[in-house]
Amino acid sequence: MPQESIISLQDIHLTLKSDAGPVNILRGVDLTVQQGETVGIVGPSGSGKSTLMSIMAGLEVPTSGSVCIIGKRLEEMGEDALARFRRENIGIVFQSFHLIPTMTALENVAIPLELAGESEAFSLAEARLKAVGLADRATHYPAQLSGGEQQRVALARALSTNPKILLADEPTGNLDGRTGEIIIDLMFRLHEQEGTTMILITHDDALAQKCNHQIRLEDGRVVSATTSREEALAGE
Ligand code: ADP
Ligand code: MG
């Protein structure tokens, strides 16, 4: 029996109004991801990658099409239910991090844990910061951190509650090669240990190839979908 897919997007369209007329940002995207899979999303700047991630997170509502995540149709959920669902199931690393400027690195990482009612929120957050190599930056505010350090805090925050799904927008985009490798290893280790489903937007071909599947977006459409070699062989 085929397992129920953890992410199912059907014929997603997103059209925004502008002074120059409607802009078609997504133009019929279908995507199905099974639990525990990793998907690399690639494509040129402006092709709709970040927008697609927002839709998977229920942060942006498509003009048409259906979004089903862990068996829930997001379009049928109210704001509060959606916020709770997201908090309990999805970790998000935004392209521009979205850290809270008035909170320290440690506090930023601890928020999702506190919201989840975790009594050990701060010690768990400390362990997550340590895992991304930032134990010594715990008391620093985002403005005191480099772009790469903020990115690692954002990842520690996204992973703090062991989400079923990790959505990450260019998670290594601001990191030097060596730090990038450490962060990729960290994500894939968690994926192996916890079975985390990961959707990674990336410009790094090597990172995309590490994923089970690769999706290429161009101009709001999926123009190619490939499966890594080991997967393809295993499926034969
Ligand atoms: P990518 O992440 O692949 O670079 P985005 O998803 O950020 O692409 O954007 C896709 C297209 O949608 C771009 O042309 C961008 O300018 C446009 N866009 C994104 N968000 C908005 C918005 N809120 N209003 C108008 N246009 C937007
Ligand atoms: Mg983007």
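Because the structure is predicted, anything quoted here is derived from the model rather than measured. Index from 1, following the sequence. Start at 1 and go down the list; that is how both ligands and their atoms are numbered.
- Checking each of Arg137, His140, Gln144 against Glu149 for a side-chain hydrogen bond (donor to acceptor under 3.5 Å, both in side chains) leaves exactly one that passes, namely Arg137.
- When distances to the Mg ion (ligand 2) are checked against a cut-off of 2.8 Å, Ser50 contributes an N, O or S atom below that limit.
- Closest non-hydrogen pair, Asn212 versus Gly36, comes out as OD1-O, 4.2 Å.
- Between Ile90 and Leu167, the shortest heavy-atom contact is CG2-CD1, 3.7 Å.
- For ligand 1, the atoms closer than 4.0 angstrom to any heavy atom of Leu16 are 21 (C), 22 (C), 23 (N), 24 (N), 25 (C), 26 (N), 27 (C).
- The closest protein non-hydrogen atom to atom 5 (P) of ligand 1 is Thr51 OG1, 3.6 Å.
- Residue contacts with ligand 1 for Ile25 involve side-chain atoms from C-beta outward but no N, CA, C or O (heavy atoms, distance under 4.0 Å).
- The aromatic rings of Phe94 and His98 lie parallel to each other, their planes meeting at an angle below 30°, with 60° marking the opposite boundary.
- Other residues, nucleotides and ligands contribute more than 12 heavy atoms inside 6.0 Å of the CG atom of Asp185.
- When every heavy atom of Cys211 is checked against every heavy atom of Thr38, the shortest pair comes out as CA-OG1, 3.2 Å.
- The Mg ion (ligand 2) has no N, O or S atom of Thr51 closer than 2.8 Å.
- When hydrogens are left out, the protein atom nearest atom 10 (C) of ligand 1 is Gly46 O, 3.3 Å; that is the closest non-hydrogen contact.
- Salt bridge annotation for Glu181-Arg178: present, with a cationic side-chain nitrogen under 4.0 angstrom from a carboxylate oxygen.
- Not close to ligand 1: Gly43, with no non-hydrogen atom less than 4.0 angstrom away.
- Geometrically, ligand 1 and Gly48 share a nitrogen or oxygen pair separated by less than 3.5 Å.
- Per-atom contact check: atom 15 (C) of ligand 1 does not touch the protein, criterion being a heavy-atom distance below 4.0 Å.
- Close approach of ligand 1 to Ser45 (heavy-atom distance below 4.0 Å) involves ligand atoms 4 (O).
- If you number the atoms of ligand 1 from 1 as listed, the ones under 4.0 Å from a heavy atom of Pro44 come out as 3 (O).
- Below 3.5 Å of separation, one finds an N or O of Ser50 facing an N or O of ligand 1.
- Annotation: the span from Thr179 atom OG1 to Arg152 atom CZ amounts to 5.0 Å, rounded to 0.5 Å.
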